[in-house]
Amino acid sequence: MPNFVDFLVQNTHPGAIALDGDTASGRAYMSELGRTRDGRQGLNYAIYHDRYQRTGDGWKFTERVYEVRYEDSTPLAGSPPR
């Protein structure tokens with residue numbers, strides 16, 4: 001990742017988890033802000049749609065779908081601290 005990304009800030013916001021015995025489904029809300037080394041940059045808001053399975057080692061992901069709901073590729077006004 002460091003060879004590809006100049007900087008990336010990723011924030012996860014609480015979602016919901018629905019339990020159904022040894023399976024569950026959930027979602028998590030994301031906001032991401034970043035710039036790649038080739039100059040692409042932007043902001044997006046997305047949702048992870050997840051499915052989980054209880055195992056002997058604890059809960060494990062069985063599926064994760066990333067759905068971008070908003071994307072802004074306008075050049076960012078700020079920069080990371082130097």
Side-chain angles (χ1 to χ4, degrees):
M1 193 73 135
N3 295 331
F4 179 70
V5 174
D6 187 24
F7 67 90
L8 176 66
V9 177
Q10 209 176 33
N11 291 300
T12 306
H13 306 279
I17 295 176
L19 296 173
D20 185 14
D22 289 336
T23 64
S25 60
R27 63 182 173 273
Y29 300 94
M30 299 292 297
S31 62
E32 299 174 312
L33 173 73
R35 182 172 59 218
T36 60
R37 296 216 182 264
D38 66 5
R40 290 179 296 135
Q41 56 190 317
L43 163 73
N44 75 50
Y45 295 96
I47 303 170
Y48 277 119
H49 301 277
D50 299 328
R51 295 200 180 278
Y52 319 99
Q53 177 71 46
R54 187 191 324 251
T55 72
D57 294 324
W59 288 93
K60 304 291 183 183
F61 286 95
T62 59
E63 180 180 52
R64 174 161 258 197
V65 176
Y66 186 69
E67 177 191 6
V68 175
R69 299 296 300 263
Y70 174 84
E71 184 174 18
D72 183 353
S73 59
T74 304
L76 300 171
S79 64
R82 298 288 174 217

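Values in this document were obtained by computation on a predicted structure and should not be read as measured data.
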- [ ] Verify the cluster assignment for Trp59 and Phe61: are they in a single hydrophobic cluster under the rule of side-chain heavy atoms below 4.5 Å apart?
- [x] yes
Open item on the list: Do Tyr66 and Leu33 land in one hydrophobic cluster if side-chain heavy atoms of ILVMFWY residues count as linked below 4.5 Å?
Closed with: no
Task: Qualifying residue for side chain to side chain contact (heavy atoms under 4.5 Å, CB included) with Arg35, from Asp6, Val5, Leu8 - done: Asp6
Open item on the list: Test your reading of the model: is there a side-chain donor-acceptor pair from Asp38 to the backbone of Arg40, 3.5 Å cut-off?
Closed with: yes
- [ ] Assess whether atom CZ of Arg64 is packed by more than 12 heavy atoms of other residues, nucleotides or ligands within 6.0 Å.
- [x] yes
Open item on the list: Minimum heavy-atom separation for Arg27 and Ile47, please, with both atom names.
Closed with: CB-CG2, 3.9 Å
- [ ] Go through the steps for Arg54 and Tyr52 under the test side chain to side chain donor-acceptor pair (under 3.5 Å), then give the verdict.
- [x] CA-CA 7 Å; Arg54 187 191 324 251; Tyr52 319 99; over 6 Å; no
- [ ] Answer yes or no on whether Arg69 is positioned over the face of Tyr45, meaning its NZ or CZ is under 6.0 Å from the six-membered ring centre and within 45° of the axis.
- [x] no
TODO: Taking all non-hydrogen atoms of both residues into account, name the closest pair between Leu76 and Gln41 and its distance.
DONE: N-OE1, 3.1 Å
Open item on the list: Checking Asp57 against Thr55 for the side chain to side chain donor-acceptor pair (under 3.5 Å) test, could you report, in this order, the C-alpha distance in whole Å, the side-chain angles of both residues, the deciding distance, and whether it holds?
Closed with: CA-CA 5 Å; Asp57 294 324; Thr55 72; 4.9 Å; no
Open item on the list: Starting from Leu43, can I reach Val68 by hopping between I/L/V/M/F/W/Y residues whose side chains sit under 4.5 Å apart?
Closed with: no
TODO: Kindly say whether Arg51 contributes a backbone atom to a donor-acceptor pair with the side chain of Thr62 at under 3.5 angstrom?
DONE: yes
Task: Interatomic distance, Tyr29 atom OH to Thr12 atom OG1 [nearest 0.5 angstrom] - done: 13.0 Å
